[in-house]
Amino acid sequence: MLSDFAKNEIFMSCEYIKSRSLLPNKGAVLNVIGENILCDYITGTLNALNNKTEYNYTVYQSKNADALSSTVAKQCFLYCFDARTQDTYALIDLTKALEYASKIKNAQFVALVFIPPLSTRQDLQSLCEMELSKVTSGSFLSEVENTLSSYCDKLSIKEIRFDNILSEDSNYNALNLHAIVKDILDNNSVEINNDDAFDVISACSISDAVNAVFTVNKHGAHGNIYNVSGEAMTMYEVKSFIYETLCSYGVKLSSADLNEKRNKFYRVLDCGKLNSLGFSPVCDNKTKLLYALSDIVADKFDIINDKINSLYNGKLPYIRKMELELLHEVDKICRQNDIQYFLSGGTMLGAVRHKGFIPWDDDIDIAMLREDFVKFKEACQTQLPKKYMYQSYTNKDGYHYFFDKITVRDTYFSTKYSDKFDMLKGISMDIFVFDKTSDNEFFQKLHFKTLMLLRLMMNVRWINHPRKDKSYMLSKILLPILRLFSMDTYSKWYDKMLRRYEKCKTTTVLPPATDHKWRGVMPKKWFEKVQDAQFEDVMSYIPTGYDNYLKQWYSEDYMELLPLSKRVGSHDFYRLDIGNEVNVPDDNIEIKHYNHKGELL
């Protein structure tokens, strides 16, 4: 079973390859030759891509060239060669693979070569990205490259060199992160010495290594060599990051002075030629170190989850506490007034998959059908405790979102977008409405496009300056006209259009979210009945059609956790004040105070 680290690396590669149009040609037959971590990830990525596309290519993974004769003719060969071993038998196997490929018409051969560790300036000079035909002799690596060069007139050949890869297999990581971390954990201390500042090294992530293979395969030139290397960093930076990440677990920092002054030790391949093909790393040094470190210490620490819990300056537990109290109140009002509501979006998914919050989520959303929403809004006018405020455009107090909210008074929570508007901004719960739409596909689209046009107009009018995206010129032209009407007028128009089919006998509803155009309409029957669902300490509700909803809203495999790179907070907060409604922190929760942000606690 793949680890979270492996799933994330494959996910990032898939996203990169699709976004850069680096997919193999439709119906292609590929052979990955080699028995190491890079080959496994290439095959895993190809299979994952094949499951998500209609390209229908075939992938084979072979241990060596001898297995090639038992399979069908291949169009693309990805041969992984470890030049660090200086194994002459491996060189013979490479020759067999080249000979086999040379007999196949229009075959593509990409050699993936792990180079010996860099230790001298001469190493770097000898590894410049020259053409295969110009390789000089003198090392085992040059023998490998001269072997490749001898077949350049028989088939299309490209070479990719790799130095350090941050993977779970320490054999392919000259950075030796595994050994460094083991020593740190054994001694419970990160030792930094003078040499660390002069030792410059690089290591690419496994996803970057895979992406480089696809980039060269697609855009690389015949007979050329391409180096793959990460961004340069010193060992001081590596160790400092490990300390920064593990210090909360009791790991200490120590230093050891060395008397001898040394020259800079530079172990970084030049990969400018690869970059010229449009290649770029998927994440920065700190992020890829974080993913690799999380995998190495997985048995001891859950640093990804702890990083999530530190969101909002360590105040996430308090935000959730207030949101759960609010959910208790809403649930009570709905039960007392025979109003049917249900958890929505990520909150519904959290209830089904986690019986509470998704670990990296920070809010609670509920939803209702229109008939229940009308009763709920009326009940809140008299039954909602005074510490909460019901927010709607009908209050005429500057609120003009496309949905209503219930907000905790005496708190402040805003994003960079919401902070621009003069309205109450605090920790809140969003209330969505599933409105009826036409059962006819043409009128459904007309309904949706009208709503989207109104949204565009309202966004421009509310912000009151032209948009900065592709709609800039249109919004600049329209803004003087839009200012002829108040925001209250636009909100009334939008609400009226939402309820266009309220009294019609239709069986279809329009999901209430700004990106519902990607999900499509849904049958009303999915939401007409509800069932109990545990959400943390609240017994709430989800619709009986939750499985269909979650599959359409997310994917068929919605029970699978998101990749590590997607486990981030859903709101990029701009200002945060948790108010004075929460208790004094207990011993198990750390809260950081930043008085310049106006904390009341």
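Positions are given from 1 along the sequence.
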- Considering non-hydrogen atoms only, spot the tightest contact between Ile157 and Leu148 and give its length. CD1-O, 3.3 Å

- Task: Under the side-chain contact (heavy atoms from CB on, under 4.5 Å) rule, what do Tyr60 and Leu68 come out as? Steps first, then yes or no, please.
- Result: CA-CA 10 Å; Tyr60 294 92; Leu68 292 174; over 6 Å; no

- Less than 4.5 Å apart, any side-chain heavy atom of Gln444 and any of Leu510? no

- Main-chain N/O of Asn146 paired with Ser149 side-chain donor or acceptor, under 3.5 Å: no

- Query: Minimum heavy-atom separation for Tyr57 to Asn50, with atom names?
  - Reply: O-ND2, 2.7 Å

- Spell out, as yes or no, whether a donor-acceptor pair under 3.5 Å connects the side chain of Asn25 to the backbone of Ala28. no

- Tested for side-chain contact (heavy atoms from CB on, under 4.5 Å) against Phe214, the lone hit among Leu78, Val110, Leu22, Leu23 is Leu22

- Item | From CE (Met348) to OH (Tyr546), nearest 0.5 Å | 10.5 Å

- Message: Could you measure the distance from the CG atom of Leu91 to the OG1 atom of Thr85? Nearest 0.5 Å is fine.
- Response: 10.0 Å

- Do the ring planes of Tyr79 and Phe109 sit parallel (below 30°), tilted (30 to 60°) or perpendicular (above 60°)? parallel

- Using modelled atom types only, decide if a donor and an acceptor are shared between the side chain of His178 and the backbone of Ile296 within a distance under 3.5 Å. no

- Spacing of OG1 belonging to Thr43 relative to CG belonging to Leu30, to within rounding of 0.5 Å: 9.5 Å

- What's the spacing between Ile33 CD1 and Leu94 CG if we round to 0.5 Å? 9.0 Å

- Query: How far apart are the closest heavy atoms of Pro116 and Ala83, and which atoms are they?
  - Reply: CG-O, 4.2 Å

- Item | Exercise: identify the closest heavy-atom pair between Asn164 and Ser202 | ND2-O, 2.6 Å

- Message: Pairing donors with acceptors under 3.5 angstrom, does anything connect the side chains of Asp557 and Ser555?
- Response: yes

- Do the side chains of Ile37 and Tyr41 get nearer than 4.5 Å, heavy atoms only? yes

- Task: Go through the steps for Val251 and Ile184 under the test side-chain contact (heavy atoms from CB on, under 4.5 Å), then give the verdict.
- Result: CA-CA 8 Å; Val251 173; Ile184 288 170; 3.8 Å; yes

- Message: A side-chain contact here means heavy atoms from C-beta on lying under 4.5 Å apart; do Thr95 and Tyr151 qualify?
- Response: yes

- Indicate yes or no: at least one non-hydrogen side-chain atom of Thr287 is less than 4.5 angstrom from one of Tyr291. yes

- Query: Does Asp4 pair with Arg567 as a salt bridge, N-O distance under 4.0 Å?
  - Reply: yes

- SB check Arg161 Glu145 (cutoff 4.0 Å): yes

- Message: To the closest 0.5 Å, what do you measure between CG (Asn193) and CZ (Phe198)?
- Response: 10.5 Å

- Item | Within-4.5 Å side-chain heavy-atom neighbours: Trp360 and Lys566 | no

- Item | Residues, nucleotides or ligands: over 12 heavy atoms within 6.0 Å of Lys18 NZ | yes

- Are the side chain of Tyr236 and the backbone N or O of Asn194 linked by a donor-acceptor pair below 3.5 Å? no

- Exercise: identify the closest heavy-atom pair between Glu9 and Ser205: OE1-CB, 3.8 Å

- Message: For Ser280, is there any backbone N or O sitting under 3.5 Å from a side-chain donor or acceptor partner on Asn275?
- Response: no

- Heavy-atom check, side chain of Ile201 versus side chain of Met235, under 4.5 Å: yes

- Item | Donor-acceptor contact present, side-chain Lys158 to main-chain Asn217, <3.5 Å | yes

- Task: Give a yes-or-no answer on whether the side chains of Gln61 and Asp40 include a donor-acceptor pair shorter than 3.5 Å.
- Result: yes

- Message: Quick one, Leu177 and Ile242 - any side-chain contact, counting heavy atoms below 4.5 Å?
- Response: yes

- Query: Which atom names give the shortest non-hydrogen contact between Leu289 and Met233, and what distance separates them?
  - Reply: CD1-SD, 4.1 Å

- Backbone of Ser207 reached by a side-chain donor or acceptor of Ser13 within 3.5 Å: yes

- Message: Checking side-chain polar atoms at under 3.5 Å, does Asp547 have a donor or acceptor matched by the opposite partner on Tyr558?
- Response: yes

- Query: Would Phe301 and Thr245 satisfy side-chain contact (heavy atoms from CB on, under 4.5 Å), going step by step from the backbone distance to the final call?
  - Reply: CA-CA 11 Å; Phe301 312 122; Thr245 306; over 6 Å; no

- Check for a donor-acceptor pair, side chain of Lys288 on one end and backbone N or O of Ala203 on the other, with a separation under 3.5 Å. yes

- Give a yes or no on whether the backbone of Glu99 and the side-chain of Ser102 come within a donor-acceptor separation of less than 3.5 Å. yes

- Apply the side-chain contact (heavy atoms from CB on, under 4.5 Å) test between Lys239 and each candidate in Thr234, Leu253, Asp196; give the one that qualifies. Asp196

- Message: Rounded at 0.5 Å granularity, tell me how far CD1 in Ile10 sits from OG1 in Thr45.
- Response: 5.0 Å

- Message: Would the distance check show the side chain of Asp270 and the main-chain N or O of Gly272 forming a donor-acceptor pair, the cut-off being under 3.5 Å?
- Response: yes

- Do Phe162 and Val213 have side-chain heavy atoms sitting under 4.5 Å apart? yes

- Task: Could you label the plane-to-plane angle of the Tyr100 and Phe77 rings as parallel, tilted or perpendicular, counting under 30° as parallel and over 60° as perpendicular?
- Result: perpendicular

- Message: Go through it in stages, so that I can follow the logic: the residues are Tyr249 and Ile303, the test is side-chain contact (heavy atoms from CB on, under 4.5 Å), and I'd like the CA-CA distance, side-chain angles, deciding distance and then a yes or no.
- Response: CA-CA 10 Å; Tyr249 302 103; Ile303 60 177; 3.5 Å; yes

- Message: Tell me which one of Val210, Asn211, Val228 satisfies side-chain contact (heavy atoms from CB on, under 4.5 Å) with Cys204.
- Response: Val228

- Can you establish whether the number of heavy atoms outside Lys7 located under 6.0 Å from its atom NZ is more than 12? yes

